[in-house]
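Taking it in order: structure first as structure tokens, then the write-up.
Order of appearance sets the numbers: ligands from 1, and atoms from 1 within every ligand.
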Amino acid sequence: MAKIGINIATGSLQQEEMIVGIDLGTTNSLVAIIHPESKLPTALKEHNTSSLVPSVVHFDAFGNPTVGEEAKNFLITEPQNTIFSAKRLMGKSYNDIKDNADFFTFKVIDDNTESLVKVQVGDKFYSPIDLSSFILKELKQRAEHILKTPVTKAVITVPAYFNDAQRQATRDAGKLAGLDVLRIINEPTAASLAYGLGLRKDEIATIAVYDLGGGTFDISILQITNGIFEVLSTNGDTYLGGDDFDRSIMQYWMQEVGISNEDLKANKELSQTLRLKAEEAKKHLSNNETFETEVNGDKLSITRADFETLIDPLISKTLASCRHAVKDASIHVSDIDTVVMVGGSTRVPAVKKAVSGFFEKPVNDSVNPDEVVALGAAVQADILAGNNKDFLLLDITPLSLGIETMGGLMDVLIPRNSKIPTKVGRQYTTQKDGQGGMRISVYQGERDLVQDNRKLAEFNLTGIPGMPAGLPKIEVTFLINADGILVVKAKELRSGVEQTIEVKPQYGISDKDVELMLLDSITHAKDDIAKRALVEARTEGEQLLATTERFIAKNANLLTQDELVATAEAMQALQLALTMEDKDLIHKKQEELNDISRPYAERVMDMAVSAAMKGRKIEE
Ligand code: ADP
Ligand code: MG
């Protein structure tokens with residue numbers, strides 16, 4: 001294994017270069033660094049202000065964005081121009097969020113339910129990536145202002161349950177904001193790092209990270225083995241957090257002084273005031289027994305005991321999630337070595353007490369819970385910068401490692417320059433109904449098509465029980481141990497069938513070869529992009545043909561003769577386009593087929609819906 005310092009494109013990073021850690025939160029975001037003198041993780045803030053930047057973007061009449069505290073002031077007065085919780089929309093389609101559409105007080109575009117969501121403000125449209133990039137840009141600017149130096153490299157955290165699309169979206173937002181995102185790391189991993197967990201080479205530990213933020217709750221169970229963090233399970237509630245605590249106080253007061261929900265709707269100012277007062281009360285009660293205030297001549301008060309009664313059901317809900325997570329991790333509460341508290345809402349004493357009771361041990365809460373994730377990201381950033389001695393010279397993978405997916409594409413699981421040891425898993429599924437096996441071909445290299453890379457190994461996962469296409473969950477795991485041996489495992493999660501193989505990834509590759517392969521990937525980059533686009537278009541086209549065929553087979557009796565003929569023709573045209581080297585033509589034919597099938601697909605759907613409404617059972 002080549003011993004080289006972390007090397008991104010041109011060679012090792014300069015020592016003095018500051019890589020920042022960023023917690024891009026649903027409610028609040030912030031930046032942290034390892035302080036150059038104290039060497040301690042430190043959250044960045046201007047003198048006399050908070051390190052937290054509310055993750056809120058307000059657009060003025062000209063579409064100019066403002067981010068943070070200032071934007072937050074518009075939440076109630078200009079809800080349609082003020083975007084909060086953009087993180088919830090990352091990598092999502094309208095279909096994914098429609099059940100919670102009421103939550104958003106701004107316009108989420110709902111006309112194309114399949115494609116990624118956009119938000120409309122005035123006559124402009126913004127993707128969640130755009131919105132997150134505004135927040136990141138603000139953070140970058142603040143950091144530059146405080147550090148008095150350009151900030152271009154960052155580690156950004158995401159929830160452990162974020163899928164590839166959501167992680168990629170976060171990366172893209174960073175890029176848009178002018179940041180080179182060196183690594184995306186899991187929030188619970190970052191929180192653990194901030195407590196110094198996982199930094200010792202021989203450490204083996206099981207950690208529970210309890211993260212209660214403004215609007216979301218996450219519990220993650222992590223296993224640390226020799227510096228590798230593995231997520232054993234995650235659970236939580238994407239609509240439960242400190243905001244609900246505020247709301248419960250608001251309701252309590254409204255009942256007390258006789259304000260109805262209608263009154264609130266009619267009086268935005270009152271609503272805003274009450275909400276802010278409720279949050280103030282909640283925070284106050286974290287350190288005091290009672291809170292008193294006055295709103296419009298009405299005396300409002302609440303005791304800590306009252307507050308605890310109000311939120312008890314909410315806390316119980318989080319503990320139920322914890323129970324699930326422990327069960328899914330196949331461990332017992334007593335196996336957990338350390339409990340880490342994350343998120344501003346864990347400042348509530350009743351929360352701490354309940355969590356400590358559940359896990360039967362004191363919790364770790366010495367690090368500021370709303371900064372801990374960013375602080376951990378800074379620790380990771382420092383390791384990447386090569387400033388952390390123990391990690392100064394890391395074994396890294398010289399070339400990317402991945403498997404072949406549909407159409408001969410290279411799907412990278414471990415990108416080149418990844419630290420070793422490392423472990424990465426990704427889920428795949430079958431393409432055909434009843435498919436009993438799956439070939440796993442392992443490749444090494446930087447090119448987009450596997451045929452241009454080096455094949456390292458191949459094996460078959462067999463014995464997958466018969467299921468409809470798309471249902472099996474095949475998890476492929478790449479593990480490179482400290483000796484540079486790659487172990488590839490494929491496991492069908494529903495049935496438990498699995499297969500493992502060992503490969504020496506660097507076998508037979510000299511530094512010269514590595515150099516050549518890298519050069520090759522650069523020379524062919526443009527070419528590769530075009531080829532990948534074509535392969536992807538073909539795969540998409542084939543999938544569309546297959547779904548259309550299935551739909552017709554099931555619903556032919558509900559379509560007119562004309563529709564059947566038009567569909568058959570469009571399918572034929574698409575089939576033909578698939579044999580040609582022209583991705584645009586494929587897209588065009590795909591659209592034409594879609595245009596023909598959309599009206600009757602909707603009609604059939606409507607019929608199914610109204611049949612269901614009549615209480616009749618219908619076959620799916
Ligand atoms: P997120 O991870 O969702 O971005 P944070 O971790 O910043 O959110 O948590 C924000 C929540 O923490 C808000 O609901 C805020 O009111 C709450 N919070 C902050 N400080 C306190 C406190 N002292 N007591 C209780 N809740 C607090
Ligand atoms: Mg958070």
Before signing off on this row, confirm whether Glu279 and ligand 1 have an N or O atom pair separated by under 3.5 Å. yes
Could you tell me the residue and atom name of the protein heavy atom closest to atom 23 (N) of ligand 1, and the distance to it rounded to 0.1 Å? Arg347 CD, 3.6 Å
Going by the 4.0 angstrom heavy-atom rule, the piece of Ser345 near ligand 1 is both
Report the nearest protein non-hydrogen atom to atom 24 (N) of ligand 1: residue, atom name, distance rounded to 0.1 Å. Ser286 OG, 2.7 Å
When every non-hydrogen atom of Val333 is compared with those of Lys361, the smallest separation belongs to O-NZ, 3.8 Å
Just to confirm my output: which protein heavy-atom neighbour is closest to atom 8 (O) of ligand 1, and how far is it? Gly214 N, 3.3 Å
Closest non-hydrogen protein atom to atom 14 (O) of ligand 1, residue and atom name please, with distance? Lys282 NZ, 3.2 Å
Tell me whether the centres of the aromatic rings in Phe359 and Tyr210 are closer together than 6.0 Å. no
Is Thr27 close to ligand 1, meaning an N/O of one under 3.5 Å from an N/O of the other? yes
Counting from 1, what ligand 1 atoms have a heavy atom of Gly343 closer than 4.0 Å? 6 (O)
protein heavy-atom neighbour closest to atom 5 (P) of ligand 1 works out as Gly344 N, 3.7 Å
Applying the side-chain contact (heavy atoms from CB on, under 4.5 Å) criterion to Leu30, which one of Leu24, Leu52, Leu375, Leu44 satisfies it? Leu52
The closest protein heavy-atom partner of atom 2 (O) of ligand 1 is Gly213 CA, 4.1 Å
Any chance you could measure Asp218, atom CG, to Asp237, atom CG, to the nearest 0.5 Å? 9.5 Å
Ring centroid separation for Phe59 and Phe106, is it under 6.0 angstrom? no
Phe84 ring center within less than 6.0 Å of Phe103 ring center: yes
